[in-house]
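Proteins get letters first, then strands, A, B, ... in listed order; numbering begins at 1 in each.
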Amino acid sequence: MKSPEEQLAILKRGSAQIISDDELLAKLRLGRPLNVKLGVDPTAPDIHLGFTVGLSKLRQFQDLGHQAILIIGDFTAMIGDPSGRSKARRQLTHDEVMANATTFKQQAFKILDPSRTKVVFNGEWFELMTFDSVMKLNAHVTLQQMLQREDFRKRLDAGEPVYLHEIQYPIMQGWDSVMIKADVELGGTDQLLNCHVGRSLQREEGQHEQVIFLLPLLEGLDGVNKMSKSLDNYVGVAEAPEMMFGKLMSIGDTLMARYYELLLCEPVPEIHPMEAKKQLAARLVARYHSEEAAQAARAEFEMRFSKKDLDHAELPSLALAGLPPDIVSVVVAAYAQCFQITKSRGDARRLVEQGSIQLRSEKVGDAKATPAMCAGDVLKLDKTRAVRLA
RNA sequence: GGGUAGAUACCGAAGUGGCCAAACGGGGCGGACUGUAAAUCCGCUGGCUUACGCCUUCGAUGGUUCGAAUCCAUCUCUGCCCA
């Protein structure tokens with residue numbers, strides 16, 4: 001086992017803020033495995049790369065001999081963490097949440113070591129709480145403290161509603177820390193207040209206060225907002241290798257540097273940016289799938305986009321039989337059948353007229369056209385989608 | 001509970017009886033250019049239609065009118081102020 005000082009040095013890499021280094025060092029010196037808490041709300045069925053920043057850090061704690069405690073917020077997910085949000089979340093039903101939690105757990109174990117992870121659901125304690133104990137908890141936190149939060153503040157200033165159940169969220173998250181006797185709580189930088197509430201509740205209960213270990217938030221594919229399912233700027237860890245590779249290749253250079261730092265924990269290599277990005281994409285695909293899948297995804301990507309060789313790429317096929325012969329109808333059918341995307345005829349016509357639609361690498365251009373289409377022909381729909389006719 | 005202001009397309013925001021499928025900005029999409037990126041430029045952005053045009057849309061429901069996003073009534077939701 002590494003010395004406390006060595007452990008601290010390793011853990012600090014890639015962190016945003018630790019409250020505090022000294023407290024963490026003191027806890028590491030206790031010589032026992034620390035309870036390291038990471039809370040997740042299964043609001044969506046699968047996790048994305050943004051979330052893996054926390055899981056990877058948790059894994060690092062595990063590798064140093066500590067006890068990982070993954071809290072599945074089956075109860076809190078129904079409220080929805082208001083952190084960083086400009087609107088109240090839709091409340092989920094318990095069934096939805098539990099269904100999400102199942103896949104969630106499987107995916108978390110692509111990163112965590114299952115043999116050293118304790119998984120708990122916070123419904124275990126919250127469902128049993130009585131109203132008077134809820135009131136007692138509330139007595140520990142003031143409205144002013146809650147209003148310090150930037151996201152609530154912003155909503156107030158913008159004249160947006162802030163609901164009382166949302167204000168309960170930090171208190172519930174804090175109580176989780178008490179219930180599992182957390183020594184360290186991991187979270188994104190937007191979790192600062194929530195984690196602090198945990199500390200004060202622990203103090204009230206006569207426990208040692210948890211160390212707050214904050215990690216930077218990973219920006220989503222747009223490079224601006226944090227990665228989130230609801231903004232559709234995410235890369236899911238369960239996504240198909242080609243999809244994952246393609247999404248990662250679409251990011252800008254600045255964001256690439258960020259991903260290197262937060263996901264691979266190293267600087268961008270001093271090579272052509274294009275190659276650096278391919279390596280990033282390949283390594284992440286390898287992490288969540290396999291080395292072979294990563295190489296295949298890269299080869300596929302290069303064939304399709306770099307060499308623009310759609311003829312040999314693997315494409316979904318579209319049966320022409322029974323379709324009207326005009327190009328617009330074929331395009332609409334291709335989106336619907338091969339990609340489950342509903343395009344209006346107007347949209348499809350626009351794509352044709354604007355030159356996005358290509359048949360055998362030639363722009364069609366004329367929405368009225370009824371070009372001869374044969375089995376095996378490649379029909380390009382837009383930047384990322386194409387189908388093979390059959 | 002009382003007063004008051006508001007609810008417009010993916011988001012923000014104009015429009016206050018016909019010229020409104022609804023300005024403008026953002027976002028999104030397509031094209032050019034590139035490294036498939038970014039930046040830039042051009043175009044598109046309710047549905048059906050080759051087109052003329054037709055249909056549905058401005059919180060909800062009714063009403064006034066030849067004609068309503070715009071006027072009236074009721075309802076729902078939200079902000080702010082007062083209790």
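- Nearest-nucleotide assignment on RNA chain B puts the 5′-proximal partner with A:G346, out of A:G346 and A:E353.
- Separation of the P atoms belonging to B:rU8 and B:rA14 is 11 Å when rounded to the nearest angstrom.
- Ranking B:rU49, B:rG35, B:rG43 by closeness to the A:D253 side chain, first place goes to B:rG35.
- A:R345 has its CZ atom 4 Å from the P atom of B:rU49, to the nearest Å.
- Two residues are said to be in side-chain contact when any heavy atoms from C-beta on lie closer than 4.5 Å; A:L264 and A:L284 meet this criterion.
- Considering A:T117, A:V119, A:L112, A:V40 in turn, A:V119 is the only one that fulfils the side-chain contact (heavy atoms from CB on, under 4.5 Å) rule with A:K105.
- Geometrically, A:K247 engages A:Y234 in a cation-pi contact defined by less than 6.0 Å to the ring centre and at most 45° from the axis.
- When the nucleotides B:rG35, B:rU49, B:rC44 are ranked by their closest atom to the side chain of A:R349, B:rU49 comes out on top.
- Taking the C1' atom of each, B:rA22 and B:rA68 are spaced 13 Å apart, rounded to whole Å.
- Nearest to the side-chain atoms of A:M274 among the listed nucleotides B:rC44, B:rG47, B:rG35 stands B:rG35.
- Using a 4.5 Å heavy-atom cutoff, the side chains of A:F104 and A:I47 are in contact.
- Following rounding to the nearest Å, A:Q354 (CD) and B:rG30 (P) show an atom-to-atom distance of 9 Å.
- B:rG12 sits 32 Å from B:rA83 when the P atoms are compared, rounded to a whole Å.
- Using modelled atom types, one side-chain atom of A:N122 and one backbone atom of A:F75 make a donor-acceptor pair closer than 3.5 Å.
- Rounded to the nearest Å, the gap between the P atom of B:rU16 and that of B:rA23 is 14 Å.
- Whole-Å rounding puts the A:D326 CG to B:rC48 P distance at 13 Å.
- Comparing B:rA69 with B:rG18, their C1' atoms are spaced 13 Å from each other, to the whole Å.
- Spacing of P atoms, B:rG63 relative to B:rG17, comes out at 23 Å, to the nearest Å.
- Considering only side-chain N and O atoms, A:S250 lies nowhere under 4.0 angstrom from the phosphate OP1 or OP2 of B:rA37.
- In this structure, A:S344 reaches the B:rC48 phosphate: one of its side-chain N or O atoms is under 4.0 Å from OP1 or OP2.
- The interatomic distance linking A:I341 (CD1) with B:rC29 (C1') rounds to 12 Å, in whole Å.
- In this structure, A:D382 reaches the sugar-phosphate backbone alone: every heavy-atom distance under 4.0 Å involves primed, P, OP1 or OP2 atoms, never a base.
- Residues A:Q191 and A:E185 have side chains that never bring a donor and an acceptor to within less than 3.5 angstrom of each other.
- Within the 4.5 Å cutoff, the side chain of A:D326 has heavy atoms near those of the A:R345 side chain.
- Spacing between B:rC58 and B:rC82 at atom P, rounded to whole Å, works out to 36 Å.
- Of the N and O atoms on the side chains of A:Q60 and A:K57, at least one donor lies less than 3.5 Å from an acceptor on the other residue.
- Note: CG (A:D347) to P (B:rA9) measures 19 Å, nearest angstrom.
- Remark: side-chain polar atoms of A:R59 are paired, donor with acceptor, to backbone N or O of A:I111 under 3.5 angstrom.
- Remark: C1' of B:rC44 and CD1 of A:I357 are 14 Å apart, rounded to the nearest angstrom.
- One C1' atom belongs to B:rA9, the other to B:rC71, and the distance between them is 23 Å to the nearest Å.
- Judged by closest nucleotide on RNA chain B, A:D222 is the one of A:G355 and A:D222 placed further toward the 5' end.
- Between A:I251 atom CD1 and B:rA37 atom P there is a gap of 13 Å when expressed in whole angstrom units.
- Regarding A:R258, its CZ atom lies at a distance of 18 Å from the C1' atom of B:rA37, rounded to whole Å.
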Nucleotide N/O to protein N/O under 3.5 Å, stretch nucleotides 32-34 of chain B:
unit_1	atom_1	unit_2	atom_2	d
B:rA32	OP1	A:K363	NZ	3.3

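- Within the nucleic acid shown, A:K380 comes within 4.0 Å of sugar-phosphate atoms alone, with no base atom in reach, counting heavy atoms only.
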